Every structure is written in C-alpha cells, then in structure tokens.
Amino acid sequence: MKPTIEEIESHLRQTGPREMKDLWNRADAVRKENVGDAVHLRGLLEISNTCVRACAYCGLSRENTRLQRYRMTAEEIFDCLSRIVSFGYGTVVMQAGEDYGIEADWLAGIIRQIRQTTPLAVTLSMGERPFEELKRWRQAGADRYLLRFETSDPDLYRRIHPARQGQTADRRKILNQLRDLGYEVGSGVMIGLPGQTFRSLARDIELFGRMDLDMVGVGPYIPNPDTPLGSGRLRPKIDPAEQVPNTEQMAYQVIALTRLVCPEANIPSTTALATINRDSGRERGLSRGANVVMPNVTPLRYRQLYEIYPGKACLNETAEVCRGCLAERIAALGRHIGTGPGSRIRRAATP
Ligand code: SAM
C-alpha cells in the first residue's frame, strides 16, 4: 500500500539514524524489485540558457542581467549527439530555458533527424511551451518531456514562479496535455524552497503517485545570490518549525519516499545532489531509490553559462571524463549501466 500524505509527512519530519536506515532499505528494496539494478545514463545537453521567464529561484531568469546568454546551433548539437551515441547512452535529454528563439519547427527537424539517424530516445525539457508545439515535437518523434511543477502549494508557486504577462502558469495542465499527446511524463519539485512546509512537500510526493509519473526529478533547492529568492530579497513568511530544510539528508528522504509512491518510475540521482555532496551524493541517491543519472554532455564553454545555481558539480569535466567516473561509481555500488532507451516498464496495472 502506498503511504498516505500523513505518513509521508511523518517520515519527512523524522531525523533519527534508525528511521533513516529503515527508509533507505525499504526504498532500495522497492527500487530493486521494480526497476532492477540497471542505472540508466541519459546524456544531458543544455541547448540554450536564454529564458523569457522570471522564476525567483533560477539563475536563468530573464531578470538576471549578469548572465551571458547562448543558444547552440544544430551543428553543435549534432556534434554532441555523436558523442552520446559513442558512449552508449540510450537517451538524449535536451534542456533549455523557455527560449522562443528555439523555434518549434527547427527543433522538430532536429528531433526527426535524431530519430532517423541514431538509436537514441529523445527527452525534452523546454518549459511551458504551447500545446501545438508540444504536439509538433511529439509527432517529430520526441518520447519524453520533463516539466517540474516545483511545488503544489498554489500561493508559494505564484510567488516564486510568476506567469508571463497575459498568461497563466499552469504546469499541471501542461503535464496532462503531455500525457494525452503520448509522451512519457516527468515532473518533480525542489526540496527546501524558502516557504515550503513539511505538509506541502508531503502533498507533492503523494501527488507524484496520483499523477502516475513516468519520471520524477527531485533535488535540493540551492540558493543563487543573483535571484530574488537566493539573495533574500524575497522571503516567503513561514513558521520556522514548518520550513523544510534544503539539506542532503532531506533530499534522500524525498528520493526514498518518491520511490515508495512511484515504484516503477525512473528517478534520477540529480546534479543538485552531486553538488551538495561531491564525494558520494550521486551514489547515495542511487542507494536510496534512484536508478538514473544524467551525465552532462554540454560543451564546457556553454556548461559554465548554464548557471541555474552556483558551484554546480562536474562543471569542468569533459563528457569523456564524466562517462569514466560514473562507470566506476556505478560498478562500485554493485550495479550496472543500463542498455537501450530505459523507458518506464509497467509491471502491473497501476491505479
Ligand atoms: N526551462 C525548463 C523548465 O523550467 O522546466 C528547464 C530548465 S529549468 C532551469 C530546470 C529545473 O532547474 C527547474 O525545473 C528547477 O526545478 C531547477 N532549478 C532552478 N533553479 C534551481 C535552484 N536554485 N536550485 C535547485 N534547482 C533549481
């Protein structure tokens, strides 16, 4: 039986080593039983850091005038794709700010070419693009789409994620559209956002299960001083006893609970986790429910500029170095690198 909101909240409030150990063991057993020992590697390509949004937490916000902007050319993208194929990764994840300079037809052409000339599955993470564009990309062959709903608390969401003028910012509605279009759907939240309560985080996790997500990305919120939330200029009011901490342990608690509510989902051990613990963050995530890693294949000159938050892990390692480092870390855990696209596999009828 999946845990209720009350049970999830109670787990989130626990801090004792014995309770933690029990939770890690349960999550690891559910992971093993449902998705096995394979760790799927997805090549992450950050194709543009240009963004029309003004999210209060994110360094790519259009309000951040310090950041030098880039957009990769088709030629640069295909250069990276050949690397992804040669490394044996089964998926390319193309991520960007919400950048309308990335025209829908241009990206559709790239997706079509990837599908025709490589064995790669295509995951997109392009923000809140209109339905017609999401449809065009799906028809061109895109398999999956990632769009975190960031928090299910409507007041907090409105404060940190302003809508574009004259529009609504309804990520849940877009996630439903993606599902209707036949995408594998991924979502998730940041952990420890200022103003995030234990109750609202428990609701987020329970919602992952009800949405029957195929992929769930969760990671600690890391303050970026060049943003209103990270600089402290925006301070959502909250009882300090209710504030979720953005700690490493809390991130593992959320990964583990996510595995319990979404046993079949693909769950990455994220870069944000590797950033707060460079030595073993990724491995601990993988031992506590995660089964995916997204090694960065963005050219180094652009990777430095995709500055969502400062101090990101693996900023200076080439794609080749990342591949070798991850292979060693995964083998040391007694796990193996997954082959093929690594799509969600449904084991049983889900509610
Ligand atoms: N534009 C796309 C979107 O909004 O979904 C993709 C790019 S966006 C930068 C990817 C994710 O980065 C967001 O969904 C958010 O959860 C995460 N992110 C942004 N700022 C962050 C921060 N300060 N700490 C941790 N994660 C952050």
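Numbering starts at 1 and runs along the sequence shown. Computed from a predicted model, the values in this text were never measured in an experiment. In each ligand, atom 1 is the first atom listed, and ligand 1 is the first ligand listed.
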Using distance alone, decide if ligand 1 has a nitrogen or oxygen within less than 3.5 Å of any nitrogen or oxygen in [X].
X: Arg148; result: yes
X: Ala96; result: yes
X: Ile222; result: yes
X: Tyr306; result: no
X: Arg171; result: yes
X: Tyr57; result: yes

Between [Y] and [X], do the side chains contain a donor N or O and an acceptor N or O under 3.5 Å apart?
X: Gln95; Y: Tyr306; result: yes
X: Arg144; Y: Ser343; result: yes
X: Asn34; Y: Arg347; result: yes

Quick one: does ligand 1 sit under 4.0 Å from the side chain of Tyr309, the backbone, both or neither, non-hydrogen atoms only? side chain
At under 4.0 Å between heavy atoms, which part of Ala272 makes contact with ligand 1: side chain, backbone, both or neither? neither
Note: Asp99-Arg71 ion pair, threshold 4.0 Å (strictly below):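 So Asp99 pairs with Arg71 through a salt bridge.
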Does this structure show an ion pair linking Asp214 with Arg179, if we count only N-O contacts that are shorter than 4.0 Å? yes
Hey, which of Val292, Thr91, Val35 is the one that makes side chain to side chain contact (heavy atoms under 4.5 Å, CB included) with His40? Val292
Minimum-distance protein heavy atom relative to atom 10 (C) of ligand 1: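 Looking only at protein heavy atoms, the one closest to atom 10 (C) of ligand 1 is Gln95 NE2, 3.8 Å.
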Heavy atom of the protein closest to atom 20 (N) of ligand 1 (residue, atom name, distance):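 Scanning the protein heavy atoms, the shortest distance from atom 20 (N) of ligand 1 goes to Ile308 CG2, 2.9 Å.
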Is atom 27 (C) of ligand 1 in close reach of the protein, with a heavy atom under 4.0 Å away?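 Given the 4.0 Å limit, the answer for atom 27 (C) of ligand 1 is yes, a protein heavy atom qualifies.
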Give a yes or no on whether atom 8 (S) of ligand 1 lies under 4.0 Å from any heavy atom of the protein. no
State if Gly219 counts as touching ligand 1 under the rule of any non-hydrogen atom under 4.0 Å. no
So for Pro220, does at least one of its heavy atoms come nearer than 4.0 angstrom to any atom of ligand 1? yes
Can you tell me how far the CG atom of Leu193 sits from the NE2 atom of His161, to the nearest 0.5 Å?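 Reported to 0.5 Å precision, the distance equals 12.0 Å.
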Which atom of Pro236 lies closest to which atom of Arg159, heavy atoms considered: CA-NH1, 3.5 Å
Which atom pair, heavy atoms only, marks the closest approach of Tyr252 to Ser280?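 Closest approach of Tyr252 to Ser280, heavy atoms only: OH-O, 4.3 Å.
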Ligand-residue contact atoms, ligand 1 with [X], heavy atoms, under 4.0 Å:
X: Glu150; value: 13 (C), 14 (O), 15 (C), 16 (O)
X: Gly97; value: 1 (N)
X: Ser125; value: 6 (C)

Would you say the side chain of Val93 lies within less than 4.5 Å of the side chain of Leu45, judging by non-hydrogen atoms? no
Under 6.0 Å from the ring centre and within 45 degrees of the ring axis: does the NZ or CZ of Arg138 meet both conditions for the six-membered ring of Tyr183?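 Geometry flag: set, cation within 6.0 Å and 45°.
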